[in-house]
2 protein chains.
Amino acid sequence: MAATAPRPGNVFDRNCPSRPVLEHATSRWGVLVLGALLGGTRRFTELRREVDGVSEKMLSSTLQSLERDGMVEREVLPVIPPHVNYRLTDLGRRMARHVRRLYQLVEETLPDVLAAQDAYDRRRR
Amino acid sequence: MAATAPRPGNVFDRNCPSRPVLEHATSRWGVLVLGALLGGTRRFTELRREVDGVSEKMLSSTLQSLERDGMVEREVLPVIPPHVNYRLTDLGRRMARHVRRLYQLVEETLPDVLAAQDAYDRRRR
DNA sequence: CTGCATCCCATTCGATACTG
DNA sequence: CAGTATCGAATGGGATGCAG
């Protein structure tokens with residue numbers, strides 16, 4: 001019963017099923033999609049514009065992962081042309097708020113980070 | 001002056017320098033390394049054990065990224081055999097606390113997530 | 001013990017073209 | 001509009017061997 005022994009259900013354990021879930025939410029595009037959806041319901045194309053640089057393919061697969069994990073709800077309106085809405089679930093909103101704090105902190109402290117990078121690179125030459 | 005126009009320094013903008021920093025901290029191993037270091041100073045091998053499944057190579061490169069970004073401090077003790085300590089900087093600790101809330105939320109809500117996954121998979125067949 | 005260098009594979013990712 | 005299909009490029013990541 002060592003204090004550091006891996007427990008099942010603990011994300012530090014290799015086989016913990018939390019890991020893939022966490023990875024979907026913290027993935028390159030997952031973070032930004034969650035953040036964008038904090039602004040409210042969005043259509044596919046709106047997300048594509050708001051999350052600058054994401055490809056159709058990656059947006060699609062990111063949304064599918066988040067939907068499967070119960071973070072995002074998908075609503076298909078039976079109209080032509082197609083109209084699909086994405087919104088956060090309650091769980092998704094809780095995740096998204098934490099995620100937002102993360103990238104906001106990075107944005108706020110960016111000057112410090114850039115300075116640290118510069119110092120590191122100079123130290124290495 | 002549209003409300004959704006990309007601003008420089010905004011992580012939603014394709015060229016925002018925050019993006020790679022955020023990606024280091026939210027990477028598969030970055031999250032767990034930050035979380036482990038919240039427990040205090042750790043040696044390389046201790047991290048290797050605590051972050052179950054990480055390879056030497058990935059732990060090494062993860063620590064380098066985090067050090068370069070000013071999240072982690074590295075202390076080399078001039079002894080034989082080598083002894084290297086890693087600890088969070090103030091900025092790293094702030095990041096790590098947010099990161100921890102993220103994976104703790106995932107751990108806590110895992111049953112809901114697994115149920116959502118199951119429902120999604122059944123819906124698809 | 002701590003890591004770097006190398007090799008190599010699997011997966012991810014992006015661009016493009018196409019469909020309902 | 002909202003995707004899927006496909007393909008090549010890039011990256012992530014593991015295994016091994018070696019050095020300080």
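Naming convention: chains lettered A, B, ... in sequence-line order (proteins, then strands); numbering from 1 in each chain.
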What side-chain donor-acceptor pairs closer than 3.5 Å can you find for residues 17-25 of chain A, not counting sequence neighbours?
residue	atom	partner	partner atom	Å
A/Arg19	NE	A/Val11	O	2.8
A/Arg19	NH1	B/Asp52	O	3.1
A/Arg19	NH2	A/Val11	O	3.4
A/Arg19	NH2	A/Phe12	O	3.2
A/Arg19	NH2	B/Asp52	O	2.8
A/His24	ND1	A/Pro20	O	3.3
A/His24	ND1	A/Asp69	OD2	2.6

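Within the 4.0 Å cut-off from OP1 or OP2 of D/dA2, at least one side-chain nitrogen or oxygen of A/Arg43 is found. Between D/dG3 and A/Tyr86, a contact under 4.0 Å exists linking OP1 or OP2 to a side-chain N or O.
Summarising the geometry, the separation between CZ on B/Arg124 and C1' on D/dT4 is reported as 12 Å, rounded to the nearest angstrom. As a whole-Å value, the separation of A/Arg19 CZ from D/dG13 C1' is 14 Å. Between B/Phe44 atom CZ and D/dG20 atom P the separation is 18 Å, expressed in whole Å. When the P atom of C/dC1 is taken as reference, atom CG of B/Leu47 falls 14 Å away, rounded to whole Å. The separation between B/Leu77 atom CG and C/dG3 atom P is 11 Å, rounded to whole Å. Taking atom CZ of residue B/Arg14 and atom P of nucleotide C/dG14, one finds them 10 Å apart after rounding to whole Å. Rounded to an integer number of Å, the gap from CG of A/Leu59 to P of D/dT4 is 11 Å. Whole-Å rounding puts the B/Asn85 CG to C/dG3 C1' distance at 15 Å.
Expressed to the nearest 0.5 Å, how far CG of A/Leu102 lies from CG of A/Leu34 amounts to 11.5 Å. Taking CD from B/Glu67 and CZ from A/Arg123, the interatomic distance works out to 6.0 Å, rounded to the nearest 0.5 Å.
Within a heavy-atom distance below 4.0 Å of DNA chain D, no residue of residues 25-39 of chain A is found. Contact check of residues 60-70 of chain A against DNA chain D (heavy atom, cut-off under 4.0 Å) returns A/Ser60, A/Gln64.
Following chains of ILVMFWY side-chain contacts shorter than 4.5 Å, one cannot reach A/Leu77 starting from A/Ile80, and the two form parts of different hydrophobic clusters. A/Val79 and A/Phe44 end up in different hydrophobic clusters when Ile, Leu, Val, Met, Phe, Trp and Tyr side chains are linked at under 4.5 Å. A single hydrophobic cluster is seen to contain both B/Leu38 and B/Val54, as judged by linkage of ILVMFWY side chains at heavy-atom distances under 4.5 Å, directly or through other members.
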Before you tell me yes or no, could you show the steps for A/Tyr86 and A/Arg42 under side-chain hydrogen bond (donor to acceptor under 3.5 Å, both in side chains), namely the whole-Å CA-CA distance, both residues' side-chain angles and the distance that decides it to 0.1 Å?
CA-CA 5 Å; A/Tyr86 292 91; A/Arg42 292 287 187 277; over 6 Å; no
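The salt bridge (charged side-chain N to carboxylate O under 4.0 Å, His left out) search around B/Glu46 returns none, not counting sequence neighbours. Partners of B/Arg124 according to the salt bridge (charged side-chain N to carboxylate O under 4.0 Å, His left out) rule, which considers only residues two or more places apart in sequence or in another chain, do not exist here.
Residues A/Glu56 and A/Ser60 form no side-chain contact, since every pair of their non-hydrogen atoms from C-beta on lies 4.5 Å or further apart. You'll find the side chain of B/Leu47 reaches within 4.5 Å of the side chain of B/Leu59, heavy atoms only.
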Whether each nucleotide of nucleotides 15-20 of chain C has a protein heavy atom under 4.0 Å at its base (B), only at its sugar-phosphate (S) or at neither (-) is summarised, 5' to 3', as B-B--B
